[in-house]
J.: 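Quick one: the structure is below, and I'll ask about it shortly.
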Amino acid sequence: MSGLPLTPTPATPPTGSPPTGTPPSALAERRGKTALRHRLAERGVDRTLLLVVPAALAMIALFCYPFLYGLQLSFQPTKGGALGAYQQFFSEPFSRKSIWATFSLAIPAALINVGVSVPISYRMRRDFRGKRLLLALLVVPITLGTVLTAEGILEFFGPAGWFNRTLHLLGLADSPVKLTMNYTGVLLSLIISGFPFAYLLTHSYLSGIHPSLERAASTLGAGWWQRFRYITLPLLLPGLMTTFSLSFVMAFAVFPSAMMVGDPNGSTHVISIEAYQAALERFDYAQGSADAMIMTALMLVVLGVIAGLRSQLYRGSTGGKG
């Protein structure tokens, strides 16, 4: 062993390293591409982003293209110039009243759904007997849909429905109480169909507030109202604003309920009905598109105001359970 010549073993380049003899320009280019890939990955831009492509294509096909097509169609009326359809809408008092009718349904329905969901969600955080059954009853209207809900309201609250029959048998009313084919019927439909979504969203936000925050306040002598007023509500309010926005959008686009259990030619003549009648009854597609664009603009204004108010609220961590 001592008589064998000692020869140095050539160093093996690390895995992933460029082969020996690579030109410096190629090395610099490779390092630049690697650095760029790392910088993009830090910003969430990598191959995983390709998974968004199908959703983006679906969004373009189902929303962006129809919206842009309707927008350009609204500027092509048969008379009155490019803005003729918009001028026609605001020049008719009956059409203008549809704005008030839509807001008078959407805002109260959203406020009621969000307001009622808060105490129920607050109570449902605790475990109690029958909780799963109650949860199922709260969310079952999701499976019905607006049309079936409207049919149920007609059967239950109509002049010959169970509600009026019960009132008559108990001697509480001599004549049927009119709860359908008017504003009340549409509002009931929006509350029944929209409450499950408001409840599920509110419950998810409320579950993200860690109970230890309230327990800490309780050890300092705070009552339940003080804990809710100064701890839970400020942390929950941003989520309530988001829930209100979604509830408002659902109620603002009301159509089946306004037609089936409302008065489409009177108190519940909302903008969606105005657009429907213009496009599919009078076959004035430019006017129908203009009505839809006005409806979209009003909705976006309200959502912008809500988003501005929400940006002023608390945006830090809530110590949630994930």
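All values below come from the heavy atoms of this structure, side chains included, with hydrogens, waters and symmetry mates left out.
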J.: Excluding sequence neighbours, so at least two apart, what forms side chain to side chain donor-acceptor pair (under 3.5 Å) with Asn113?
T.: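 Side chain to side chain donor-acceptor pair (under 3.5 Å) list for Asn113, sorted by chain: empty.
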
J.: If the plane angle is over 60° it's perpendicular, under 30° parallel, otherwise tilted; pick one for Trp162 and Phe156.
T.: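 Perpendicular, since the angle between the ring planes exceeds 60°.
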
J.: Hey, what's the ring geometry for Tyr86 with Phe75, parallel, tilted or perpendicular (30° and 60° as the breaks)?
T.: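 Ring orientation, 0 to 90° scale: tilted.
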
J.: At what distance, to the nearest 0.5 angstrom, does CG of Leu111 lie from CD1 of Ile191?
T.: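 Reported to 0.5 Å precision, the distance equals 10.5 Å.
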
J.: For the residue pair Asp174 and His168, what are the closest heavy atoms and their distance?
T.: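 That would be O-ND1, 4.3 Å.
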
J.: If you look at every heavy atom in Tyr183 and Ser267, which pair is closest and at what distance?
T.: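 Closest approach of Tyr183 to Ser267: N-OG, 3.8 Å.
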
J.: Can you tell me if Thr202 uses its side chain to pair, donor with acceptor, with the backbone of Tyr199 under 3.5 Å?
T.: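 Absent.
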
J.: Does Arg96 have any side chain to side chain donor-acceptor pair (under 3.5 Å) partners at least two apart in sequence or in another chain, and if so, which?
T.: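 Result, side chain to side chain donor-acceptor pair (under 3.5 Å) vs Arg96: none returned.
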
J.: Give the minimum heavy-atom separation between Ile60 and Pro66, together with the two atoms involved.
T.: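 Residues Ile60 and Pro66, closest heavy atoms: O-CD, 4.1 Å.
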
J.: So, is the end of the Arg310 side chain (NZ or CZ) under 6.0 Å from the ring centre of Phe244 and within 45° of the ring's axis?
T.: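 Not satisfied by the 6.0 Å and 45° rule.
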
J.: Where do Ser189 and Ser257 come nearest, in terms of heavy atoms and distance?
T.: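 Looking at all heavy atoms of both residues, the shortest contact is OG-OG, 2.6 Å.
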
J.: Parallel, tilted or perpendicular for Phe103 and Phe252, by the 30°/60° rule?
T.: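 Judged by the thresholds at 30° and 60°, the geometry between Phe103 and Phe252 is perpendicular.
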
J.: Can Val118 be reached from Leu135 by stepping across I, L, V, M, F, W or Y side chains whose heavy atoms are under 4.5 Å apart?
T.: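 Different hydrophobic clusters.
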
J.: Please enumerate all residues that pass side chain to side chain donor-acceptor pair (under 3.5 Å) together with His269, with sequence neighbours excluded.
T.: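 With neighbours one apart ignored, the set is Glu274.
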
